[in-house]
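Remarks on the structure that follows.
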Amino acid sequence: MEQDPMQPEQPERPADQPIPETPAQGPPLQPYAPYTQEAQPPQQEPQPQTTVYSPYTPPPSQRPQPEQPYAAPPPMQPAEPVQPYYGGQPGAPPSVPPYDQQPLGQAPYAPPPQYPQQQAGGPQGIPPAGQYPQYGPGYAPPAQAPRKSGGVPVWLWVVGGLVLAVLLGCGLITFLIAQSVQSFGKSVERSFSSISVSLGNPAVLNTTLFYSELSSGQFESARQYLSQDMKDKYGADELRSMWQKLEDAQGKIVPGFPEAAGSSSKAATTATVNQTLTSSKGQNYPVTLTLEDNGNGEWLITGASPSLIPEP
């Protein structure tokens with residue numbers, strides 16, 4: 001067995017030498033006593049708890065009251081007999097003579113009783129109708145309800161007046177519309193009659209067609225209604241220049257309905273037609289045209305006064 005270098009070397013002990021006793025340190029050791037369990041008192045099983053209540057005592061108001069002995073009701077008194085009423089004296093029989101002794105024409109019954117009349121003003125303590133008691137200071141008598149006056153109510157007069165005004169207004173408007181329609185119809189009738197008569201005249205018809213072509217810008221087509229002398233005087237460019245100059249100064253030119261001047265007959269070969277040109281600015285330019293029949297039934301413009309197309 002290896003020796004621990006950190007421990008001092010012990011001298012060897014002879015084999016026959018006893019081991020010296022080492023004195024004990026601390027208090028002397030007590031002899032070992034066997035363990036005995038301490039006796040414990042026996043445990044008692046828990047007893048169930050019982051709650052003891054005190055008896056309930058109700059308040060005096062809820063305690064039963066002793067029964068009262070039954071008392072019979074007092075005996076009923078007999079009612080007094082009702083005496084019949086005869087002429088103001090109860091109980092007295094009527095003094096009516098026998099039937100065979102009653103005079104003729106007289107009723108066999110006594111006259112009805114006379115009752116006292118009620119004084120004016122109603123029962124005691126109630127003032128007469130329309131009068132009120134006197135109130136003390138600081139109190140005013142109650143307001144009387146307004147009496148309803150007889151007759152037609154005011155609201156009925158107002159409604160009737162409104163209805164009457166509406167009817168009169170509608171009648172007046174209808175009359176004015178009828179007059180306007182009638183006047184317009186007559187004016188339209190006269191216009192169409194004049195137009196139909198004028199269009200039936202070939203001179204008036206050619207005048208209308210000529211200025212219609214100028215208004216639509218068909219200057220070359222307008223020259224077909226001119227005589228040969230007027231064609232040589234007014235070319236298409238000349239007509240365009242004159243018409244454009246007039247519209248530049250006065251605005252859009254609108255031809256009116258031409259009218260024949262004087263009476264004409266089928267045998268006549270010359271006609272005079274009055275034409276009016278109106279601008280958009282309200283300027284009127286009257287033109288008087290002269291037309292002649294070329295022998296083939298064609299009426300051509302041979303002259304114009306002051307000019308075929310007026311100067312602006």
Original post:
So which heavy atom on Val204 is nearest to which on Glu259, and how close?
Top reply: CG2-C, 4.5 Å
**OP:** Indicate yes or no: at least one non-hydrogen side-chain atom of Leu291 is less than 4.5 angstrom from one of Thr207.
**Re:** yes
Original post:
Got Leu277 and Ile309 here, is their nearest side-chain heavy-atom distance under 4.5 Å?
Top reply: no
Original post:
Rounded to the nearest 0.5 Å, what separation is found between the CD atom of Glu298 and the CD atom of Glu292?
Top reply: 13.5 Å
Subject >> Minimum heavy-atom distance Lys233-Glu238, with the two atoms named >> reply: O-CG, 4.4 Å
Original post:
Closest heavy-atom contact between Glu311 and Leu246?
Top reply: C-CD1, 4.4 Å
Original post:
Is Lys252 close to Ser279 at the side-chain level, that is, under 4.5 Å between some pair of heavy atoms?
Top reply: no
Original post:
Between Gln250 and Ser280, which heavy-atom pair has the shortest distance, and what is it?
Top reply: O-OG, 3.5 Å
Subject >> Distance (rounded to the nearest 0.5 Å) between Phe210 CZ and Ile301 CD1 >> reply: 5.0 Å
Subject >> Heavy-atom closest contact (Leu289 atom, Tyr211 atom, distance) >> reply: CD1-CE1, 3.6 Å
Original post:
Looking at side-chain heavy atoms only, is the closest gap between Pro310 and Val287 below 4.5 Å?
Top reply: yes
Original post:
Looking at residues at least two apart in the chain, or sitting in another chain, which of them share a side-chain contact (heavy atoms from CB on, under 4.5 Å) with Pro306?
Top reply: none
Original post:
Are any non-hydrogen side-chain atoms of Asp248 and Lys245 less than 4.5 angstrom apart?
Top reply: no
Original post:
Do Thr278 and Asn284 have side-chain atoms, one donor and one acceptor, less than 3.5 Å apart?
Top reply: yes
**OP:** Report the distance from atom CD1 of Ile173 to atom CG of Leu168, rounding to the nearest 0.5 Å.
**Re:** 11.0 Å
Donor-acceptor list for residues 212-219 side chains, cut-off 3.5 Å, not counting sequence neighbours:
residue	atom	partner	partner atom	Å
Ser212	OG	Thr208	O	2.8
Ser216	OG	Ser212	O	3.1
Ser216	OG	Glu213	O	3.1

**OP:** Provide the closest heavy-atom pair for Pro312 versus Tyr285 in the form atom of the first, atom of the second, distance.
**Re:** CA-OH, 4.1 Å
